[in-house]
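All values below were derived from every heavy atom in this structure, side-chain atoms included, with hydrogens, water molecules and symmetry-related copies excluded. To find a chain, count down the sequence lines: A is the first, B the second, and so on, and within it residues start at 1.
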Amino acid sequence: MHSRVPGPLPMVVVLACVALGSIFIALLFGSFPVSAMQVFDSVFFPIPGIVHDVIWRLRLPRALAAFVCGGLLATSGVLLQVLLRNPLADPYILGVSGGAALGALCAMLLGAGLAGLNLAALAGALAAIAIVFMLSFQAGDWNLHRLLLTGVVLSSGFAALISLILVLAPQAQLKGMLFWLMGDLTHAGASTPAWVLLAVLLMVFVSWSRGLNVLALGAIKARALGVAAGGLQAAIYFGAALATVAAVLLGGSIGFVGLMVPHALRLFGIHDHRWLLPASALVGGSFVVLADTFARTVMSPQQLPVGVFTALIGVPVLLLLLSRRS
Amino acid sequence: MTKELLRAEKLVMAAGARTLCRNLDVAFEAGQLWGVLGCNGSGKTTLLHTLAGLAPAVSGRVIMGDRPLGAWSRRELACALGILLQHEEQAFWGSLADYVMLGRYARARSLLGPRAEDEQATADAIAAFELTAIATQPFSTLSGGERQRARLAQLWAQQPGLLLLDEPLQHLDLRHQLRTLKQVREAVQSTERAAVMVIHDLAYATRCDRILMLFGDGRHATGSAAELLQIDNLEALYGCRVRAFGNGADAHFMPVI
């Protein structure tokens, strides 16, 4: 029984190396040819010039935005799967992305700039979070079925409104809207706030990971074992919602990361949330960085929405893992 | 003087429109083993959940030590009082030992994993229910009886002063029924602890010190096992005819078929 302390630590170290490797690959590939040597030189001995600019001004910010996006989505997925005790839970199940998308599309329809668009997306997401919370958290207690149903029903409502906007929108704006809906990092802004959020969420929830492990057995059982389940559930809900909002603001609705990454890691035997949370953030981040590198190079200079590739890569990988383990 | 662990005052419990129990006053003192008897749906589980602070009472209050239950934090409460639930989630990802270790939640504070003390308490609890040989097996591969013993071991690892046991003997074979009762009795022998168990088997009810009967219509009765375990009480409780063989602690009750 003393073998628990090292646990899956080596695996997390390997995943951290994979994460660094994925960022290196993102720096290496693109429409401007750069050699591996030049990437090294540019990172460790920066000399002003076009290579330096491509790497430091274009590719690194984009890779960091992609990474934090994936990390936040995977973290949110882990948290919501604990909260809802439902394997189908993903960051978008509670209507957060629907609210954000509705806000963003309305802003695009009104011809708002990038700042206005982000503000509208944020407002839409926060409205969705508040509505779902108020409808499901009553008298200090959760009804998880009501929470799930409220989120799903609200998402359907947003989807209908989004379809309506797409039908009514002028042709010229349609492509931008579809890119936003499919998940696209082309217009990702500064990712520093998202990195801060990811770091804080990981620190908080890894330190509460024992509570998460107990809560996975159900709220009553968790209370019986000494967990203040109501407060923890509210913290999970808001933590997951904030992570989703931050990710959606950077990259639109990048699908499949939040659903797939935690499941894939569980299939590899990582269940304890102390390890599952950081491992998910690392894998989710690396995965989106690689998918985004692919999305912007495969038909270069044409850039494709990253969300298409997260699904195209993710679906066969998860199906393979599921069939291998059964 | 005996130490009072938990007291219910004027407790009223209901399930929907049905009043299960009216104005229940009862005090559980250290060293006592209580048996809770009643027919299906008479409120035995509701009572245990109310005493554990997991379900609100309609009115009345439950006092633990010097404070009402609501004034305790969940973590403090879990050190003083533990409950074996009748039903719980079947799925758990880890081994039996991982499952039992969750019982240490309220006592272990370290972020760096379990301390030697937690490992020891877990190992002792696993041994107490004869699970050592299968401690590393995945929880999902255990049989119904083994899972029940794992739940008991988890509660033993939690080490609460008051044990609330909802049908502790369900799924257990004869040997483990006896062993579990022996564990409960040993726990209660210490001067700081007591146990309240919901039980259907009258052969084991006669081994309790105190009995609480819930008649399901709001009426209830408390007293010593010898006082309450009488044919007329049992016939009223279960709604069937009962015959007794033997006397006192050796009495056996059988339904008249």
Side-chain donor or acceptor of Arg210(A) paired with backbone N/O of Tyr105(B) under 3.5 Å: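 At least one qualifying donor-acceptor pair exists.
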
If we define contacts as heavy-atom pairs under 4.5 Å, which of Ala55(B), Gly53(B), Gly103(B), Ala78(B) has the most with chain A?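 Ranked by heavy-atom pairs under 4.5 Å with chain A, first place is Ala78(B).
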
Tell me which of these, Leu54(B), Leu81(B), Ile83(B), Leu164(B), has more heavy-atom pairs under 4.5 Å with chain A than the rest.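 Option with the top pair count is Leu54(B).
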
Measure distances from Glu76(B) to the heavy atoms of chain A and classify the residue's part below 4.5 Å as side chain, backbone, both or neither.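 It is neither, since no heavy atom gets under 4.5 Å.
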
Ala91(B) versus chain A, heavy atoms under 4.5 Å apart: side chain, backbone, both or neither?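 When you check distances to chain A, only backbone atoms of Ala91(B) fall under 4.5 Å.
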
Which heavy atom of Arg74(B) sits nearest a heavy atom of Val227(A), and at what distance?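 Residues Arg74(B) and Val227(A), closest heavy atoms: CG-O, 3.6 Å.
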
Full working for side chain to side chain contact (heavy atoms under 4.5 Å, CB included) between Leu77(B) and Arg223(A): CA-CA 9 Å; Leu77(B) 202 55; Arg223(A) 284 197 185 98; over 6 Å; no

For the CG atom of Leu217(A) and the OH atom of Tyr99(B), what is their distance to the nearest 0.5 Å?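 Here the rounded value is 6.0 Å.
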
Would the number of heavy atoms belonging to other residues, nucleotides or ligands and lying under 6.0 Å from CZ of Arg185(B) be above 12?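 Atom CZ in Arg185(B) is crowded, with more than 12 foreign heavy atoms closer than 6.0 Å.
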
